[in-house]
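The structure under discussion appears below in the form of structure tokens.
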Amino acid sequence: MRTRPPARPPSLFVQSLHEVFAPLGRIEARRMFGGHGLYHEGVMLALVVGDTLYLKADAQTQADFDALSLPAFSYQREGRPATITSYRQAPEAMFDDAEAALLWARRALEAALRAQKAKPVRKTASPPASKARR
């Protein structure tokens with residue numbers, strides 16, 4: 001029987017994000033795709049890859065990121081660059097200013113909630129019809 005090695009703890013950067021997001025409330029970091037997703041009350045509002053924080057963005061918040069020339073999350077996929085515009089790099093001000101951290105965290109959470117609301121509801125398989133009782 002093979003045993004898995006124990007999971008590595010999150011990097012110090014990921015651990016420090018609890019302080020950055022403290023004005024918003026408790027966050028949870030979950031491992032995903034070589035990085036971490038950051039969740040607030042079960043809603044993913046940020047992504048951390050390579051000790052870079054990316055916040056959830058949408059059509060309503062794109063201009064805020066564009067005004068600061070904050071890039072979208074990009075990575076290599078099958079040797080080609082791929083970009084995910086729904087996550088944008090967080091501004092440096094988030095790390096130094098609690099008010100800025102709260103403002104940007106709220107923007108990211110609101111974008112995540114709008115995205116969640118826009119997703120179609122999955123239909124679950126309905127149980128088989130029961131036979132008529134006699």
Side-chain angles (χ1 to χ4, degrees):
M1 184 169 131
R2 289 174 56 182
T3 59
R4 287 186 171 174
R8 288 180 300 156
S11 69
L12 292 176
F13 177 74
V14 171
Q15 292 176 38
S16 75
L17 294 175
H18 290 281
E19 292 175 31
V20 173
F21 284 89
L24 180 67
R26 186 177 175 280
I27 61 162
E28 179 184 354
R30 298 182 196 163
R31 259 192 201 290
M32 60 183 298
F33 310 118
H36 287 82
L38 297 183
Y39 294 79
H40 175 68
E41 297 181 0
V43 177
M44 185 173 160
L45 69 146
L47 174 67
V48 179
V49 177
D51 286 348
T52 300
L53 175 64
Y54 297 92
L55 300 174
K56 182 72 173 163
D58 66 3
Q60 291 187 36
T61 60
Q62 290 290 348
D64 298 320
F65 291 95
D66 290 343
L68 297 175
S69 301
L70 296 168
F73 171 63
S74 62
Y75 64 100
Q76 293 290 315
R77 183 177 181 181
E78 297 177 3
R80 296 182 183 176
T83 301
I84 299 177
T85 59
S86 61
Y87 285 92
R88 302 281 298 262
Q89 188 171 333
E92 287 296 319
M94 275 193 80
F95 302 100
D96 303 323
D97 179 349
E99 285 182 35
L102 180 59
L103 172 71
W104 285 95
R106 280 187 178 155
R107 286 178 179 163
L109 179 60
E110 289 166 2
L113 290 170
R114 284 189 294 271
Q116 227 177 29
K117 201 179 236 184
K119 286 183 181 177
V121 177
R122 286 186 182 181
K123 291 184 181 181
T124 57
S126 51
S130 61
K131 294 182 180 179
R133 294 185 182 185
R134 296 182 187 180

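For this chain, numbers begin at 1 and follow the sequence in order.
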Pairs satisfying salt bridge (Lys or Arg N to Asp or Glu O under 4.0 Å), at least one member in residues 63-74, at least two apart: Asp64-Arg107, Asp66-Arg88

Scan for salt bridge (Lys or Arg N to Asp or Glu O under 4.0 Å) pairs involving residues 89-101, sequence neighbours excluded, and state none if there are none. none

Pairs where residues 47-88 contributes a residue and the test ring pair (Phe, Tyr, Trp, His ring centres under 6.0 Å) is met, not counting sequence neighbours: Tyr54-Phe73, Phe65-Trp104, Phe73-Tyr75

In this structure, would Met94 and Leu68 fall into the same cluster of hydrophobic residues linked by side-chain contacts under 4.5 Å? yes

Between atom CG of Leu70 and atom CD of Gln89, what is the distance when rounded to the nearest 0.5 Å? 6.0 Å

Once salt bridge (charged side-chain N to carboxylate O under 4.0 Å, His left out) is applied, do any residues pair with Arg30, and if so which ones, sequence neighbours excluded? Glu28

Residues in side chain to side chain contact (heavy atoms under 4.5 Å, CB included) with Pro23, at least two apart? Ala98, Leu102

Would Leu47 and Tyr39 show up in the same hydrophobic cluster when neighbours are defined by side-chain heavy atoms closer than 4.5 Å? yes

Nearest-0.5 Å distance that lies between atom CD1 in Ile27 and atom CD in Glu19: 10.5 Å

Hphob cluster co-occupancy, Leu103 + Leu17, side-chain heavy atoms under 4.5 angstrom: yes

Kindly indicate whether the side chain of Leu55, heavy atoms from C-beta on, has any atom under 4.5 Å from the side chain of Thr61. no

State, yes or no, whether a side-chain contact exists between Leu24 and Leu45 at a heavy-atom distance under 4.5 Å. yes

Qualifying residues under side-chain hydrogen bond (donor to acceptor under 3.5 Å, both in side chains), relative to Ser86, sequence neighbours excluded: none

For the CZ atom of Arg77 and the OG1 atom of Thr83, what is their distance to the nearest 0.5 Å? 12.0 Å

Quick check: closest heavy atoms across Gly37 and Met44, and the distance to 0.1 Å? CA-CE, 3.9 Å

Side chain to side chain contact (heavy atoms under 4.5 Å, CB included) partners for Gln60, two or more places apart: Asp58, Arg114

In short, Leu38 meets Ala29 closest at the heavy-atom pair CD2-CB, 3.7 Å

Please name all residues satisfying side-chain hydrogen bond (donor to acceptor under 3.5 Å, both in side chains) with Glu110, sequence neighbours left out, ordered by chain then number. none

Closer than 3.5 angstrom, by distance alone: can the side chain of His40 be matched with the main-chain N or O of Arg26 as a donor-acceptor pair? yes

Measuring from atom CG of Leu109 to atom NZ of Lys56, what distance do you get when rounded to the nearest 0.5 angstrom? 11.5 Å

With sequence neighbours excluded, what pairs up with Gln116 under the side chain to side chain contact (heavy atoms under 4.5 Å, CB included) test? Val43, Leu113

Going by the rule side-chain hydrogen bond (donor to acceptor under 3.5 Å, both in side chains), which residues pair with Asp51 if we only count those two or more places apart in sequence or in a different chain? Ser11

Residues two or more places apart in sequence or in another chain: which of them pass side chain to side chain contact (heavy atoms under 4.5 Å, CB included) with Ser16? Phe13

